[in-house]
Amino acid sequence: MTEPNAKIELDAVVVGAGFAGLYTLHKLRGLGLRVKVLEAGKGVGGTWFWNRYPGARCDVESLEYSYSFSEALQQEWNWPERFSAQPDILRYANHVADRLDLRRDILTERRVASATFDDRTHCWTVRTAGGEVFEAPFCIMATGNLSLPRVPDFPGLKTFKGEWYHSGLWPEEGVDFTGRRVGVIGTGSSGVQMIPMIAEQAAHLFVFQRTANFSVPGVNRPMTPDVEHGHKARYAYWRDEAKRTPFGIAGHPPPSKTALEDTPEARAEVYERKWGTGGNISFLYAYKDLLTDKAANDTACEFVREKIRSTVRDPDVARLLMPNDHPIGTKRLCLDNGYFETFNRDNVTLVDVRSDPIVEITERGLRTKTCEYELDAVAFATGFDAMTGALLDIDIRGAGGLRLADKWAHGPRTYLGLMTAGLPNLFMITGPGSPSVKTNMIASIEQHVDWIANCVAHLRREGIRLIEADVAAEDAWVEHVNQVADSTLYPLANSWYVGANIPGKPRVFMPYVAGLDKYRMICDAVATESYRGFKLAEA
Ligand code: N01
């Protein structure tokens, strides 16, 4: 540990050692910068460090959800499964940290409390909760989009005599639910993944569902040498193709037809094929208008509802599991391994907390308006303060003392999701207003980090000390992000994409949904045109 308050002077401070922070360190080091990464966790890996709940697994195939910047790295790493599980992804993050000798510049167990811009020195002062101080002209927030876990403030949680967990703060040593009465609250991606696993262990599992969610089969399988070698033999080609897609994922040719062009029989065949192949992006790519035309989307919703109807034996339970309040894909489409089948087990009970809301956590369990459930353990799969949460958790103050929390009081405002006016030299990786969570995150991370590194190199070459988003460019970008979202069905859902899961959070659609391919071209053009929309200053 360094001495408290001993100021460490650097060229760049990076906050977060997930996939974004690791790659940023590598790139900025390559430019000759003195960089430190401050990480709250005990280890690297970000999301994959924290989300250790049973069944945690990525919904993007591993041959795609991995760094593309190093041919050696992508050739030497072996993924054990099509969609790898959390421990394997965490192993990969650790391998990268070792392979690129990153650890000597990563300080773990350093939660950043504040970042303040000094108008006089033009440097950022970054303070950790433990009192350490770092100073650098550049500050890069690699804080993640889903990294501030949210536990609803049910009264009585403190009185609960059992144990409780959150999906995003899962104990490192794991949890054994054998013989216990367990409650899972939440049926988003995390709940849908953990429920089948916990059901296999628990004496009884109560699933507290407020909103039914669409889910499609993962169709996970062990990696075969054929698939792996075939892909690796043409890795450069696949990576290149991924760059030309809206999601940053290769191997899914864009659909040419609208859903209603097909007969109901032909449509059923298309959906059935997608269902059997597995994967959420693949399923939503069945037709080109599933996320823009409600009537088209309804056909896919009905197909999935029919699958639930035919899978779940109890018709009342099946009815409760059928989503009916949002178009499919407008909330993150879940990917599961036996989720709906789990509700056929004798030791699993679905509790509808929409009609019978949770009132409190008691000493012995959980009470809804009409019933008390005795529980030994509660697992919160209740999500995150997404996209802005981790940034606003840090007291960030820009030029003239501008507080980010004040500036974003009515919702995040950024230019390209990379910078926000008033915060010079502070970059966000996959910030609000960028494609981020609507893409393969690692592809988006690489695009952002490459852009930022090129920008920093340009500034240093040209002797420019400051870069800042221009207010007019930012306003136009925010307007554009909204227009694009409004041309889709996304705003119809009460999702975390619009902040709807956090009481009081301004309702603003945060990701840019025109696609990573289009976004990449915009960012490249901005850089080529002398950083159009940014103010550059020599001193
Ligand atoms: O969180 P969520 P998540 N009372 O916000 C319920 C990524 N991810 O952790 O819909 C009762 O989606 C809430 O109900 P409702 C992925 O991008 C990826 O599951 O608000 N229930 C909902 O059911 C994903 O989208 C992977 O009515 C309450 C659930 O909790 C994102 O992370 C795996 C409640 C929260 O769902 C977040 O997913 C896991 C309350 N007071 C996560 N408050 C993969 O790659 C909330 N809920 C596969």
Side-chain angles (χ1 to χ4, degrees), residues 46-48 50-62 64-65 83-86 89 144-155 157 165-170 183-195 197 206-218 220 247 249 278-281 321 323-326 329-337 339 350-361 366 368-369 378-387 389 430 436-442 444 493-503 505 510-511:
T47 284
W48 303 102
W50 296 103
N51 287 264
R52 297 165 186 262
Y53 60 85
R57 162 182 310 283
C58 189
D59 59 3
V60 176
E61 291 180 55
S62 299
E64 302 279 335
Y65 187 85
F83 296 101
S84 290
Q86 173 270 333
I89 304 174
N145 293 117
L146 293 153
S147 41
L148 191 68
R150 175 182 169 263
V151 177
D153 53 355
F154 296 125
L157 184 55
Y165 313 93
H166 186 284
S167 59
L169 293 168
W170 208 261
V184 171
I185 305 176
T187 51
S189 300
S190 305
V192 160
Q193 288 187 326
M194 73 169 75
I195 284 163
M197 306 293 288
F206 295 90
V207 175
F208 297 95
Q209 172 191 275
R210 187 165 67 182
T211 309
N213 225 330
F214 288 104
S215 184
V216 298
N220 190 29
F247 309 110
I249 300 175
N280 45 12
I281 289 184
L321 287 168
N324 57 17
D325 77 329
H326 64 280
T330 56
K331 284 183 165 189
R332 176 73 166 217
L333 179 56
C334 302
L335 202 61
D336 73 87
N337 290 290
Y339 175 65
L350 181 66
V351 182
D352 172 21
V353 295
R354 166 84 52 199
S355 64
D356 187 15
I358 299 170
V359 175
E360 62 171 339
I361 307 288
L366 177 157
T368 64
K369 214 164 150 198
V378 176
F380 288 94
T382 43
F384 301 84
D385 185 348
M387 306 204 67
T430 66
S436 62
V437 293
K438 294 308 305 167
T439 67
N440 171 358
M441 280 301 290
I442 297 191
S444 274
N494 286 319
S495 65
W496 55 258
Y497 298 143
V498 294
N501 64 326
I502 304 293
K505 187 163 173 170
M510 294 181 279

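Computation of the quantities below employed the complete heavy-atom set of this structure, encompassing side-chain atoms and omitting hydrogens, waters and symmetry-equivalent molecules. In each ligand, atom 1 is the first atom listed, and ligand 1 is the first ligand listed.
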**Message:** If the condition is side chain to side chain contact (heavy atoms under 4.5 Å, CB included), which residues does L169 pass it with, not counting sequence neighbours?
**Reply:** W50, P149, H166
**Request:** With side-chain contact (heavy atoms from CB on, under 4.5 Å) as the test, would you mind laying out the steps for W496 and L146 before giving the verdict?
**Result:** CA-CA 10 Å; W496 55 258; L146 293 153; 4.1 Å; yes
**Request:** Name all residues meeting the side chain to side chain contact (heavy atoms under 4.5 Å, CB included) criterion together with N220; count only those two or more places apart in sequence or in a different chain, and write none if there are none.
**Result:** R57, E81, R82, F83, N337
**Request:** Would you confirm whether K505, through its side chain, and A386, through its main-chain N or O, come within 3.5 Å as a donor-acceptor pair?
**Result:** yes
**Message:** So, using side chain to side chain donor-acceptor pair (under 3.5 Å) as the criterion, who are the partners of T211 when residues are at least two apart?
**Reply:** R354
**Prompt:** Which of these passes ring pair (Phe, Tyr, Trp, His ring centres under 6.0 Å) with W170: W48, Y165, F380?
**Reply:** Y165
**Message:** List the protein residues in contact with ligand 1, where contact means a heavy-atom separation under 4.0 angstrom.
**Reply:** Y53, R57, C58, D59, L146, R150, P152, F154, I185, G186, T187, G188, S189, S190, Q193, R210, T211, K331, R332, R354, A381, T382, G383, F384, W496
